[in-house]
Amino acid sequence: MRMGRILPQDFYARDPALVAMNLLGKVLCRVLRGIILAGVIVETEAYYGETDPASRAYRSRGDIAMMLYGDVGRALVYGVHGKWLFNVVAHEPHGSGGVLIRALEPIRGVEMMKKLRKIDDLLKLTNGPGRLTEAMDINKNLHKKPVYLNSSEITIREGRKEENIARSFRIGVTKDLDIPLRFYVKNSRFVSVRA
DNA sequence: CGCCAGATTGACT
DNA sequence: GTCAATCTGGCGG
């Protein structure tokens, strides 16, 4: 697959659920020590601000929480259970929210991803939010970096058109909202486990 | 400073 | 299916 153009910042200036849905089929691109690692986004989740009990902005005023209210199109990287999770800040003007990238279909730099993950199985390389960050060496260094600039080590680009989009409730959250906010490519083998 | 929840994963019965 | 290792950010003292 040819590398598409980088999505502009205003792509992220919409409701997080809409952005999450529209990110399916787009390409997450990471430049690591001159090597390009890339994967098609096949699973995402939307999060809101203080109204969302699963959000990091729910009853919190820390740096992570405040970022959800800040500039759209920036990487929001933070740790849970010893893993790094990769999000992009996305919300309407004066709103709050972000999109968690939960799974990728690897398309470039597979050998390096296998090294970083210390496994060989292509299907288990990037099928989970903590797995894909390990496969692409995404960590605190990329926190707050814009994903819409050519100079960034992490960008999101045009990819393919996805047809079969499904949605479900978010995975792993203790308190969810009553609308399903997880989006995934229905017949992809690279979607994370559980449902 | 100490404590601990948590948007997870991998190992195991 | 169950379970615990994992470690950072945020908050209380």
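In this text the structure is predicted, and so the values were computed from the model without any measurement. Naming: A, B, ... by sequence-line order, numbering from 1 per chain.
- In terms of position along DNA chain B, the nucleotide closest to A/Thr174 lies nearer the 5' end than the nucleotide closest to the other residue of the pair A/Thr174 and A/Arg117.
- As rounded to whole Å, 9 Å separates atom P of B/dA7 from atom CZ of A/Arg170.
- Taking atom OH of A/Tyr48 as the reference point, atom P of B/dA7 lies 17 Å away to the nearest angstrom.
- Atoms CG (A/Leu100) and P (B/dG6) sit 16 Å apart, rounded to a whole Å.
- With respect to A/Glu134 and A/Lys83, no salt bridge is recorded, no charged nitrogen being found less than 4.0 Å from a carboxylate O.
- If you take CG of A/Asn87 and C1' of B/dG6, they are 14 Å apart, rounded to a whole angstrom.
- Nearest heavy-atom pair across A/Leu149 and A/Thr155 is O-CG2, 3.3 Å.
- The separation between A/Asp52 atom CG and B/dG6 atom P is 13 Å, rounded to whole Å.
- With C1' as the reference atom, C/dG1 and B/dA7 are 23 Å apart, rounded to whole Å.
- The CZ-P distance, from A/Phe183 to B/dA7, rounds to 18 Å in whole Å.
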Check the interface with nucleotides 6-11 of chain C: list each N/O to N/O pair with the protein under 3.5 Å, or write none.
from   : atom 1 : to       : atom 2 : distance (Å)
C/dT6  : O2     : A/His81  : O      : 3.3
C/dG9  : OP1    : A/Lys140 : NZ     : 2.7
C/dG10 : OP1    : A/Asp63  : N      : 3.2
C/dG10 : OP1    : A/Ile64  : N      : 3.1
C/dC11 : OP1    : A/Ser60  : OG     : 3.4
C/dC11 : OP1    : A/Arg61  : N      : 3.3

**Q.** Stepwise salt bridge (Lys or Arg N to Asp or Glu O under 4.0 Å) check, A/Lys144 with A/Asp63
**A.** CA-CA 11 Å; A/Lys144 298 188 178 179; A/Asp63 174 69; 3.1 Å; yes

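- With values rounded to the nearest 0.5 angstrom, A/Leu122 atom CG is found 4.5 Å from A/Phe190 atom CZ.
- We find that A/Arg170 and A/Glu45 are not joined by a salt bridge, their nearest charged nitrogen and carboxylate oxygen being 4.0 Å or further apart.
- In this structure, A/Leu132 atom CG and B/dA7 atom C1' are separated by 12 Å, rounded to whole Å.
- Pairing for C/dT6 is absent, judged as Watson-Crick or G-U wobble with the two contacts each under 3.5 Å.
- Here A/Asp137 contributes atom CG and A/Leu142 contributes atom CG; the two are 8.0 Å apart, rounded to the nearest 0.5 Å.
- With salt bridges taken as basic N to acidic carboxylate O contacts below 4.0 Å, none links A/Lys161 and A/Glu163.
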Distances for protein N or O near nucleotides 11-13 of chain B N or O, under 3.5 Å:
none

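- Note: A/Tyr69 OH to A/Arg61 CZ = 5.5 Å, rounded to the nearest 0.5 Å.
- Rounded to an integer number of Å, the gap from A/Arg182 CZ to B/dT8 P is 11 Å.
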(Q) Determine whether A/Asp15 and A/Tyr48 satisfy the following criterion, side-chain hydrogen bond (donor to acceptor under 3.5 Å, both in side chains), listing intermediate values before the conclusion. (A) CA-CA 9 Å; A/Asp15 186 291; A/Tyr48 291 91; 2.7 Å; yes

